[in-house]
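Worth knowing before you read on, the calculation uses all heavy atoms, side chains too, and leaves out hydrogens, waters and symmetry mates. In the text below, chain A, chain B and the rest are named by the order of the sequence lines, each starting its count at 1.
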Number of protein chains: 2
Amino acid sequence: MNIGDVASLSGLPAKTIRYYEEIGLVSPLRGPNGYRRFRDSDLHKLNFLGRARSLGFSIEECRNLLAMYEDQERASADVKRLAEQHLESIDRKISELQDMRSTLAHLVDACAGDHRPDCPILADLAAVDGEEDERRDRRATG
Amino acid sequence: MNIGDVASLSGLPAKTIRYYEEIGLVSPLRGPNGYRRFRDSDLHKLNFLGRARSLGFSIEECRNLLAMYEDQERASADVKRLAEQHLESIDRKISELQDMRSTLAHLVDACAGDHRPDCPILADLAAVDGEEDERRDRRATG
DNA sequence: CTTGACCTTCCAGTCGCTGGAAGCCCCATA
DNA sequence: TATGGGGCTTCCAGCGACTGGAAGGTCAAG
């Protein structure tokens with residue numbers, strides 16, 4: 001298979017696949033014309049990578065997962081540990097975003113959104129240090 | 001004020017402040033020794049930027065917010081629109097992360113995490129295309 | 001024989017910083 | 001007055017994970 005074939009089969013852009021080769025995640029053969037020649041096992045790896053990436057694992061984590069996948073000896077506990085760490089980092093990100101979300105939602109609510117210039121959103125952003133308490137009070141009250 | 005002063009007052013690293021100058025977000029004066037000389041208004045801007053960044057606005061959005069803040073003419077509706085768009089993008093990110101989270105949590109649950117090599121996490125990652133239905137079934141059943 | 005799709009490499013850019021090197025400047029202390 | 005230590009300056013490089021584009025080779029169809 002050429003790169004275009006594995007690209008459409010795996011759903012990954014050809015550029016990404018070349019990049020994955022460059023950083024050593026896949027190692028397709030080469031044909032006499034210099035074209036990459038992908039085996040079924042390469043496609044399999046790319047699918048694995050695509051799915052792991054879609055779950056938010058970093059490239060290095062993917063490399064790790066792939067190595068574990070190919071190591072018949074490793075304990076499932078090793079995989080689980082990695083997955084749990086990733087789960088925690090997802091949870092941290094979610095809660096950061098939820099904090100932003102709630103602050104921002106309050107501000108949006110408080111803003112009239114009309115032709116007048118007065119805007120609580122900008123007022124909040126411009127609040128000087130030491131006004132956090134007032135900020136919190138406004139949120140609680142609002 | 002020198003850069004170190006505004007750095008500690010604003011909570012932004014000096015490197016970041018230099019970067020903000022480079023991209024035109026702040027324009028401190030210069031002393032005869034070449035040092036940046038920050039006015040109160042510069043510190044004010046940096047606080048504004050720090051707070052907007054902490055709410056997840058991109059640099060370009062911050063530039064926009066700052067311009068709106070300094071434009072006495074603009075309608076609060078303009079600000080509100082930008083904030084609402086940002087809110088939507090936060091919501092999209094949260095829901096992507098929640099999707100990842102739930103898939104991953106199921107997989108982690110299903111994994112014994114002991115010394116044996118069999119691992120549902122890797123099995124899922126390695127599942128070939130066309131097995132999404134089974135994947136969903138397993139999740140629903142699990 | 002030409003067209004157009006596909007493939008190759010290489011370089012640059014994205015975003016928002018961050019680290020580090022090399023070299024001034026300023027102030028306090030011996 | 002020398003010295004030491006901190007703070008300041010500029011410039012360049014790198015992070016992660018691609019993505020875009022240029023310049024050119026290859027292949028199959030008409």
Backbone of [Y] reached by a side-chain donor or acceptor of [X] within 3.5 Å:
X: S76(A); Y: G113(B); answer: yes
X: T16(A); Y: L12(A); answer: no
X: R63(A); Y: I23(A); answer: yes

Return the angle between end axes of the helix from dC1(C)-dG30(D) to dA30(C)-dT1(D), with five pairs used per end and rounding to 10°.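 Angle reported: 30°, given to the nearest ten degrees.
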When you group the ILVMFWY residues by side-chain heavy-atom contacts below 4.5 Å and let the links chain together, are Y19(B) and M1(B) in the same group?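 In one cluster with M1(B): Y19(B), yes.
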Just to verify, what does [X] make a salt bridge (charged side-chain N to carboxylate O under 4.0 Å, His left out) with, not counting sequence neighbours?
X: D5(A); value: none
X: R39(B); value: D42(B)
X: E70(B); value: K45(B)
X: D71(B); value: none

Going 5' to 3' along DNA chain D, between which two nucleotides do contacts with chain B fall, using a heavy-atom cut-off of 4.0 Å?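 Range of nucleotides within reach of chain B: dG7(D) to dC11(D).
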How long is the line joining [atom1] of [X] and [atom2] of [N], in whole Å?
X: Y19(B); N: dC15(C); atom1: OH; atom2: P; answer: 8 Å
X: F57(B); N: dG16(C); atom1: CZ; atom2: C1'; answer: 17 Å
X: R53(B); N: dC15(C); atom1: CZ; atom2: P; answer: 12 Å

More 5' along DNA chain C: K15(A) or T16(B), using each one's nearest nucleotide? K15(A)
Could you pull out every donor-acceptor pair under 3.5 Å between side chains of residues 115-123 of chain B and any protein atom, sequence neighbours left out?
unit_1, atom_1, unit_2, atom_2, d
R116(B), NE, D114(B), OD2, 2.8
R116(B), NH2, D114(B), OD2, 2.6

Residues pairing under ring pair (Phe, Tyr, Trp, His ring centres under 6.0 Å) where one sits in residues 59-104 of chain A, two or more places apart or in two chains, turn out to be F48(A)-Y69(A), F57(A)-H86(A)
Interatomic spacing from CG in L49(B) to CG in L25(B) - rounded to 0.5 Å: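 One finds 5.5 Å between CG of L49(B) and CG of L25(B).
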Residue pairs, two or more places apart or on separate chains, that pass side chain to side chain donor-acceptor pair (under 3.5 Å) and touch residues 23-33 of chain B: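 Listed by first then second residue: E21(B)-R30(B).
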Atom pairs and distances, donor-acceptor, side-chain atoms in residues 92-99 of chain A, under 3.5 Å, two or more places apart:
unit_1, atom_1, unit_2, atom_2, d
S95(A), OG, R92(A), O, 3.4

Does anything in residues 20-31 of chain A come within less than 4.0 Å of DNA chain D? Heavy atoms only, and list the residues if so.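 Y20(A) - these, ordered by number, are the residues of the stretch whose heavy atoms sit under 4.0 Å from the strand.
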Looking across every strand, which nucleic acid part, if any, lies under 4.0 Å from R18(B) by heavy atom: base, sugar-phosphate, or nothing? base
Strictly under 3.5 Å: I want the nitrogen or oxygen pairs between protein and nucleotides 22-27 of chain C, one per line.
unit_1, atom_1, unit_2, atom_2, d
dC26(C), OP1, N33(B), ND2, 3.4

